[in-house]
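Everything below concerns the one structure shown next.
Every chain is numbered from 1 and lettered A, B, ... according to where its sequence line falls, protein lines coming before strand lines.
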Amino acid sequence: MLDLTELVDIEVTVAYVWYAVLLIVKMMLLSPLTGLYRVSKKAFANPEDAVGFGKGDNAKKFLRTDPDVERVRRIHLNDLENIVPFLFIGFFYSFSGVSLSTALLHYRIFFASRIFHTVSYLIPLPQPSRGLAWFVGYLATFSMVYKLVMVSLSMS
Amino acid sequence: MLDLTELVDIEVTVAYVWYAVLLIVKMMLLSPLTGLYRVSKKAFANPEDAVGFGKGDNAKKFLRTDPDVERVRRIHLNDLENIVPFLFIGFFYSFSGVSLSTALLHYRIFFASRIFHTVSYLIPLPQPSRGLAWFVGYLATFSMVYKLVMVSLSMS
Amino acid sequence: MLDLTELVDIEVTVAYVWYAVLLIVKMMLLSPLTGLYRVSKKAFANPEDAVGFGKGDNAKKFLRTDPDVERVRRIHLNDLENIVPFLFIGFFYSFSGVSLSTALLHYRIFFASRIFHTVSYLIPLPQPSRGLAWFVGYLATFSMVYKLVMVSLSMS
């Protein structure tokens, strides 16, 4: 039986929860943003959504894809692809015996990278702004994975 | 070092696990449902899937998008966008010192909202049925976020 | 108040973390793979991405969907739809009083099924290779759900 209690610093896990909540709220705000773009662009995916904006054939023409709506949807999917892995890895990482300052560094860099990713995707800023933002968050996650693997190997 | 043991009520976390499992099972059932719609509508995304339904050019015509298949896929993506945040927030929330009855209220409202969302998306019911269902679950999640922020502020 | 301490075997949770990290890394590798396919196929979703590959109208023609790029994106979405549920269910399952050998069996079967799913989707192998790979992982997850429900019922 392993003794993990010596590894656990509850302050790191509390810090994790704080950044996890911030990231989840940031990600969830994209749902109403998509709705806002759909209404302002009159571009809907479902007939029952378009029907409020016109009758019959008039409603049908609002059943379309719009580049700006699709852009927000891609931001949302990209957040799912990157923030959800962070939420798991960051949680495990908070039990890896890492110091509070090192953990905060990782959590803050990841959080900043996702904010900058969304901003540069939404405006949009010329590349490689968005690419770099994504890459910094990606690296921060893999840096935590590296620590987890090192701890795991030292335990066995 | 914070003392969180006084905050933890294991019965709340057990209640959380119960609703988490229900929501995950509900979300996972959309995978075979998509498959069912693809087969019954003969609308596939991959040539290797369509080939069983015809040879050569005949198979190619089944490589298409179908409105009903896309509808089920949007339900699945909407579940990912809403249920996954709940799974994290609801987990943190179960350690926030909340009473079992208040926690159950949140978990049940969220669960009911997602069932009603799927039903109103699938039939589909006229709007604002689906919109309201989504919004109730969204509010329940943010109500838990609010509690987490309040607890977090009172600790610091 | 339930006494869950007798159910917890930390070695099972450590095994869970190990497979969770492997699965998350596997899923995250699909992001650069999508980028690689986008660049090699010159098929982009955003004007700011395409602009590096040509000026004006020349760049516009690279704003397109490509079957191979879409294939990698479907693998990524399928991973989100299946691996994220596993990450939650497998975590709960590690606290269900299951033996290490039974847990490892589930974790390994699920991991192997997702590797085989990606390989058979990417090549692609003729069906039912990919379908079977998906189904084995799906069954492994539901086998863990079954155990959770059984434990839950025996506690109440």
Side-chain angles (χ1 to χ4, degrees), chain B residues 5 8-36 38-39 44-53 59-60 62-63 65 69 72-91 94 100, chain C residues 1-5 7-8 65 67-68 70-96 117 120-131 134-135 137-142 144-153 155-156:
Chain B
T5 51
V8 177
D9 178 353
I10 196 69
E11 285 191 302
V12 180
T13 307
V14 169
Y16 157 77
V17 171
W18 187 244
Y19 283 93
V21 169
L22 282 177
L23 285 160
I24 292 168
V25 166
K26 173 247 166 289
M27 181 165 65
M28 287 181 73
L29 291 177
L30 292 170
S31 292
L33 193 66
T34 304
L36 217 68
R38 283 202 182 282
V39 168
F44 300 97
N46 301 294
E48 68 269 26
D49 304 347
V51 87
F53 293 84
K60 251 183 210 162
F62 298 137
L63 275 181
T65 57
V69 172
V72 182
R73 294 182 69 217
R74 282 196 299 276
I75 300 177
H76 207 159
L77 188 56
N78 196 285
D79 267 5
L80 277 174
E81 290 170 356
N82 288 278
I83 291 179
V84 172
F86 169 87
L87 293 174
F88 284 100
I89 297 292
F91 180 65
S94 79
L100 180 60
Chain C
M1 189 74 98
L2 302 160
D3 183 15
L4 287 190
T5 50
L7 287 179
V8 176
T65 56
D68 292 334
E70 296 308 305
R71 183 175 284 274
V72 182
R73 294 183 69 218
R74 284 197 298 275
I75 299 177
H76 207 159
L77 188 56
N78 196 284
D79 267 4
L80 277 174
E81 291 170 356
N82 288 278
I83 290 178
V84 173
F86 168 87
L87 293 174
F88 283 100
I89 297 293
F91 180 64
F92 304 154
Y93 180 68
S94 80
F95 298 106
S96 71
H117 180 270
S120 51
Y121 213 152
L122 208 53
I123 293 182
L125 296 179
Q127 286 283 28
S129 310
R130 192 186 88 232
W134 168 81
F135 188 60
Y138 197 74
L139 270 192
T141 308
F142 269 98
M144 293 188 287
V145 166
Y146 176 79
K147 168 76 174 175
L148 287 170
V149 171
M150 287 300 107
V151 168
S152 177
L153 293 180
M155 287 197 313
S156 57

Counting heavy-atom pairs under 4.5 Å to chain C, which of [options] comes out on top?
{"options": "B/V21, B/I83, B/V84, B/V51", "value": "B/V21"}
{"options": "B/P47, B/G35, B/P32", "value": "B/P32"}
{"options": "B/I24, B/L63, B/L30", "value": "B/I24"}

Minimum side-chain heavy-atom gap B/N46-C/Q127 below 4.5 Å: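 Not touching, per the 4.5 Å side-chain cut-off.
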C/P124 and B/E48, any side-chain heavy atoms less than 4.5 Å apart: yes
Check whether the ring centres of B/F91 and C/F92 lie less than 6.0 Å apart, and answer yes or no.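 No, the ring of B/F91 stays outside the 6.0 Å limit from the ring of C/F92, centre to centre.
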Answer with side chain, backbone, both or neither: which region of B/L80 has an atom nearer than 4.5 Å to a non-hydrogen atom of chain C? side chain
More than 12 heavy atoms from other groups under 6.0 Å of CZ on B/R38: yes
Could you check whether any side-chain N or O of C/Y138 sits under 3.5 Å from a backbone N or O of B/M28, counting only pairs where one atom can act as donor and the other as acceptor?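 Here the side-chain-to-backbone pair exists.
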From CA spacing to verdict: side-chain contact (heavy atoms from CB on, under 4.5 Å), C/F95, B/V17: CA-CA 11 Å; C/F95 298 106; B/V17 171; over 6 Å; no
Applying side-chain contact (heavy atoms from CB on, under 4.5 Å), run through C/E81 and B/L77 and close with a yes or a no. CA-CA 8 Å; C/E81 291 170 356; B/L77 188 56; over 6 Å; no
What's the spacing between C/F88 CZ and B/L87 CG if we round to 0.5 Å?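 Going from CZ on C/F88 over to CG on B/L87, the span is 4.5 Å.
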Side chain, backbone, both or neither: which part of C/T141 has an atom under 4.5 Å from a heavy atom of chain B? side chain
Of the non-hydrogen atoms in C/R74 and B/A45, which two are nearest, and what is the gap between them?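 Shortest heavy-atom separation between C/R74 and B/A45 comes out as NH2-O, 3.4 Å.
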